There are 2 protein chains.
Amino acid sequence: MNHTKKSSITNKEFFVRKMTKEILSGKWSPGDRLPSERDLAAELGFGKTVIHSGYEKLATMGLVDIKPKSGVYVADYMKTGNIETLNAIIQLNGDELSREVTVGILDLRLAIEGMAFRELCLCRSEEDIAHLRTITKEIREISNRVEEDELAEYFFLWHREICILSGKSILTLFMNTTHDVSIAFWVNYLRMYGISFAINRLEQFIELIDARDGEGAYNLLAKGISDYLAKLENR
Amino acid sequence: MNHTKKSSITNKEFFVRKMTKEILSGKWSPGDRLPSERDLAAELGFGKTVIHSGYEKLATMGLVDIKPKSGVYVADYMKTGNIETLNAIIQLNGDELSREVTVGILDLRLAIEGMAFRELCLCRSEEDIAHLRTITKEIREISNRVEEDELAEYFFLWHREICILSGKSILTLFMNTTHDVSIAFWVNYLRMYGISFAINRLEQFIELIDARDGEGAYNLLAKGISDYLAKLENR
DNA sequence: TAACAGATTTGGTCGGACCAGATAGTACCC
DNA sequence: GGGTACTATCTGGTCCGACCAAATCTGTTA
């Protein structure tokens, strides 16, 4: 059983990817009944356990509805899907974000991070500032020797750190929920503005937090977002 | 194998709940290595498949990290968790929402639904208005004969309908992501304001959408949220 | 002390079995 | 002909015990 890409891919993963592609490409329509676990197991040569587990995964991705003792049906995922569904769609499209998706993400980021910035400015300690400076310095050091995917991850972690330091753990949990979709955004962002500009922006945020200027940090975030959207527009 | 509570509870559910309690109660610390699938299976008298499946579930809840061929480790869930983690925490606390969580949810709702209201006011058709009136009428009719949980579900669906009708499917996906946590909110809301007030509020929204007054709808939403928080404060 | 090789432990997979609810077909009765 | 009750079958859900390959540990060797 060789799946060409990685020999480490499991049968479950293979099945999940196969079905994801089939569903998102429109081979099946919402409401369609998918083959039973037994039939698929026999057809693909996998165990029923694998198909069962795979269907469960697809259900958490919002792509199928499992009706016990009845069957597995393609979900109306544009109505009932969730972030996981969005992640699947983005991955299939090769990390290309539509403008609509981008606007949606940035609106959420403004809500989440804006709140985090304000909270952090109220409670930030000297250690917090020092910590932010340290990880920013680290990003600058590694920035010219890592892939853009990895760098995007670091930028995500930097902004998540704001949520963590703010002490409002609920913000961190929401932030993590948008992880995959945020990475796709950061890759685009870094391509558009360049690494140097992006890191400078991080340092500007730190200065504002150091000065306990919550409104300033919020406004800088809002301005950065509207600039990005404008630049995206006349590209 | 009798678990006293419900005879219908599966071994997998039993295991997941047990581990969820143990992890969230602090019996294990982030980074701790949990017992191997085999050991737990032997200890609890379950099959290894059950434990395996249970660990997978706990991983999607963000409570554990599974390192293949190595072991299962308790995740630093307050840093790396997601919405699923939040759902687990809320369920363990008996659907009681802390003020911090409530504020976080409402901030997100304002971002998501506020955008949906504005978009809908730009593109709403006569059919949209008629549809909203219909489902609102349905809610009024069933409101005195269903459980509060079910009614909360209807209120969630009403607000999700705003996202769907707005045509911005990304908003719907985000909205669905907050489902569980939103239900907990709506139960609280309906208890606090009463059913009649809540339904009247829905009808006010419809009038504003009919008049294409996006700002008005946004402001009404924002006012409703700040009122709710204020009422929550001096309770 | 460092590196290699084998034994052990680990999560992942598999297929066969059983359960109980859903479903559809059939025979029956009014 | 239309409704009803029964039954055979199909479904997802669960469970077990065995096997696999990779990660890890251990003890020996150079």
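Within every chain, numbering begins at 1; the chains are lettered A, B, ... in the order of the sequence lines, protein sequences first and strands thereafter. All values derive from a computational prediction rather than experimental measurement.
Under the 4.0 Å criterion applied to side-chain N and carboxylate O atoms, B:R140 and B:E203 are assigned as salt-bridge partners. Salt bridge A:E56/B:K12: present, at least one basic N to carboxylate O contact under 4.0 Å. With respect to the salt-bridge test (charged N to carboxylate O, under 4.0 angstrom), the residues A:E100 and B:K168 do not qualify.
Closest-nucleotide positions on DNA chain C for A:G47 and A:S70 were compared, and the one nearer the 5' end corresponds to A:G47. Comparing A:Y73 and A:K12, the nucleotide of DNA chain C nearest to each residue sits closer to the 5' end for A:K12. Heavy-atom distances to DNA chain D give each of B:R38 and A:S36 a nearest nucleotide, and the one nearer the 5′ end belongs to A:S36.
Straight-line distance from the CZ atom of A:R33 to the C1' atom of D:dG12: 10 Å, rounded to whole Å. One can place CG of B:L58 at 15 Å from C1' of C:dG11, the figure rounded to the nearest angstrom. Put simply, NE2 on A:H52 is 10 Å from P on D:dC15, counting in whole angstrom units. The distance from atom CD1 of B:I66 to atom P of C:dG12 is 5 Å, rounded to the nearest whole Å. Whole-Å rounding puts the A:D39 CG to D:dG12 C1' distance at 13 Å. A:L40 has its CG atom 14 Å from the P atom of C:dG15, to the nearest Å. For B:L34 and C:dT9, the CG to P distance is 19 Å, given to the nearest whole Å. Taking atom NZ of residue A:K67 and atom P of nucleotide D:dG13, one finds them 13 Å apart after rounding to whole Å.
Nearest nucleotide to the B:E37 side chain, out of C:dG12, D:dA23, D:dG13: C:dG12. Nearest to the side chain of A:V50, among C:dT10, C:dC14, D:dG13, sits C:dC14. Ranking D:dG12, D:dA21, C:dC14 by closeness to the A:N11 side chain, first place goes to C:dC14. Side-chain proximity of B:K69 to the nucleotides D:dA22, D:dG13, C:dT13 is greatest for D:dA22.
Judged by distance alone with a 3.5 Å cut-off, a donor-acceptor contact links the side chain of A:T49 to the base of C:dG15. Below the 3.5 angstrom threshold, one finds a donor paired with an acceptor across the side chain of A:K48 and the base of D:dG13.
Under the 6.0 Å cut-off for aromatic ring centres, A:Y55 and A:F15 qualify, their centroids lying closer than that.
One side chain, A:E153 or A:H179, offers a donor N or O that lies under 3.5 Å from an acceptor on the other.
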